[in-house]
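First listed ligand is number 1; within each ligand, the first listed atom is number 1. Atoms considered below: every heavy atom in the structure, side chains included; atoms not considered: hydrogens, waters and symmetry mates.
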Amino acid sequence: MKRSLQGKAAQIGCAIMLFAMESVLAQGGGSLTVGNLAPVQDALGRNLPGSNGNPDGTAVWIEIREATGGGGIVPPDPATGEGDDVLNPLVRESYMGHDTVGTNPGLFAETFETRLSTNAMYYARAYDAPTPGAAIYYVDSAVFAGPPSFVTSVNVEFGSMLLVETGAADGDTDGDGIPDAMETEMLGTSPSQPDTDGDYYNDFFEATHTDVLNPTEPNIPFEINRAPEYAGGGSRSVSWGANPGLEYRLEFRPAWVDGGGYSNVWSGTAAETNLEIDVQTWVQTNSPKGFFRVVVP
Ligand SMILES: [Ca+2]
Ligand SMILES: [Ca+2]
Ligand SMILES: [Ca+2]
């Protein structure tokens with residue numbers, strides 16, 4: 001009987017101990033990670049560069065600030081790019097790619113040991129440069145609340161990129177898909193010409209294929225040099241000036257098919273500055289008259 005009572009007391013003691021430990025953890029312990037799950041991208045669809053794997057000073061700047069009740073979110077100062085420290089007190093400044101992997105992750109994650117206040121609202125701001133003063137564009141996240149203690153992570157969702165100077169998205173005068181400010185201040189391309197260097201590859205395509213192309217220096221022009229002749233004895237191949245490393249596709253459409261689709265004849269990556277595709281066999285076994293076209297996918 002005595003033994004049994006002692007056992008009961010020990011069980012109760014245990015239960016109280018466990019409860020007390022959980023209570024302590026809930027009040028002060030645990031960390032909070034704030035980060036984005038969808039990468040932040042620029043107008044060319046490129047993830048903003050991060051600090052892991054990139055040279056020092058190339059990762060873009062990130063801030064987490066308070067969004068105070070009455071003041072809302074103040075845009076960056078047009079002259080300095082800085083946020084408003086009075087209405088939007090700075091909580092943390094960091095770089096894109098902190099605690100994430102990859103050279104251009106478009107992602108960040110910040111871990112707080114002293115948790116954000118559950119009574120306050122916050123937002124994150126990403127610049128497109130390593131310092132606010134050098135930024136052309138910035139993007140704010142949706143406002144989020146300082147989460148309760150049992151929440152361990154907050155997903156930050158960003159809106160669209162805006163001009164630091166005016167807070168508005170800028171136009172695309174020449175319709176090549178690149179905003180004017182990005183052309184003039186970042187790429188050095190013409191905001192009024194979709195193909196700045198006149199090599200038949202438009203600025204957007206060149207700016208997104210900089211491993212092979214340069215939007216401000218003419219690459220090998222996109223012109224067909226030779227095409228098969230209808231009468232026998234002439235050329236049996238299609239050839240064009242090609243940029244090594246770039247992918248091309250040769251397609252054919254029978255002339256008499258009104259609005260018909262093209263079919264693939266050849267596709268591959270150029271190894272030299274001239275691509276010549278022998279189409280004799282292909283023409284013999286298919287339609288003798290029609291149109292070839294070269295596509296850069
Ligand atoms: Ca443009
Ligand atoms: Ca342009
Ligand atoms: Ca061009």
Kindly assign one of parallel, tilted or perpendicular to the pair Y127 and Y138, based on the angle between their ring planes and the thresholds 30° and 60°. tilted
Checking one value in my table: which N/O/S atom of D176 lies closest to the Ca ion (ligand 2)? OD2
Give the intermediate values and the outcome of salt bridge (Lys or Arg N to Asp or Glu O under 4.0 Å) for residues E251 and R253. CA-CA 7 Å; E251 298 179 342; R253 191 192 84 172; over 6 Å; no
Name of the D195 N, O or S atom nearest the Ca ion (ligand 3)? OD1
Contact check: T189 to the Ca ion (ligand 2), N/O/S below 3.0 Å: no
Is the Ca ion (ligand 1) less than 3.0 Å from an N/O/S atom of D172, whether that atom is in the backbone or a side chain? yes
Are the side chains of W240 and I220 in touch, meaning some heavy atoms are under 4.5 Å apart? no
The Ca ion (ligand 1) to I178: any N/O/S contact under 3.0 Å? yes
Metal proximity, S190 vs the Ca ion (ligand 2), N/O/S cut-off 3.0 Å: yes
Give the atom name of whichever N/O/S atom in D199 sits closest to the Ca ion (ligand 3). OD1
Report the name of the N/O/S atom of E183 located nearest to the Ca ion (ligand 2). OE1
Of all N/O/S atoms in D174, which lies nearest to the Ca ion (ligand 2)? OD2
From N47, T58, N54, residue fulfilling side-chain contact (heavy atoms from CB on, under 4.5 Å) relative to T103: N54
With side-chain contact (heavy atoms from CB on, under 4.5 Å) as the test, pick out the partner of M182 among D170, L44, I136. L44
Considering just N/O/S atoms, say which atom of E206 is closest to the Ca ion (ligand 3). OE2
Examine D203 and say whether one of its N/O/S atoms is closer to the Ca ion (ligand 1) than 3.0 Å. no
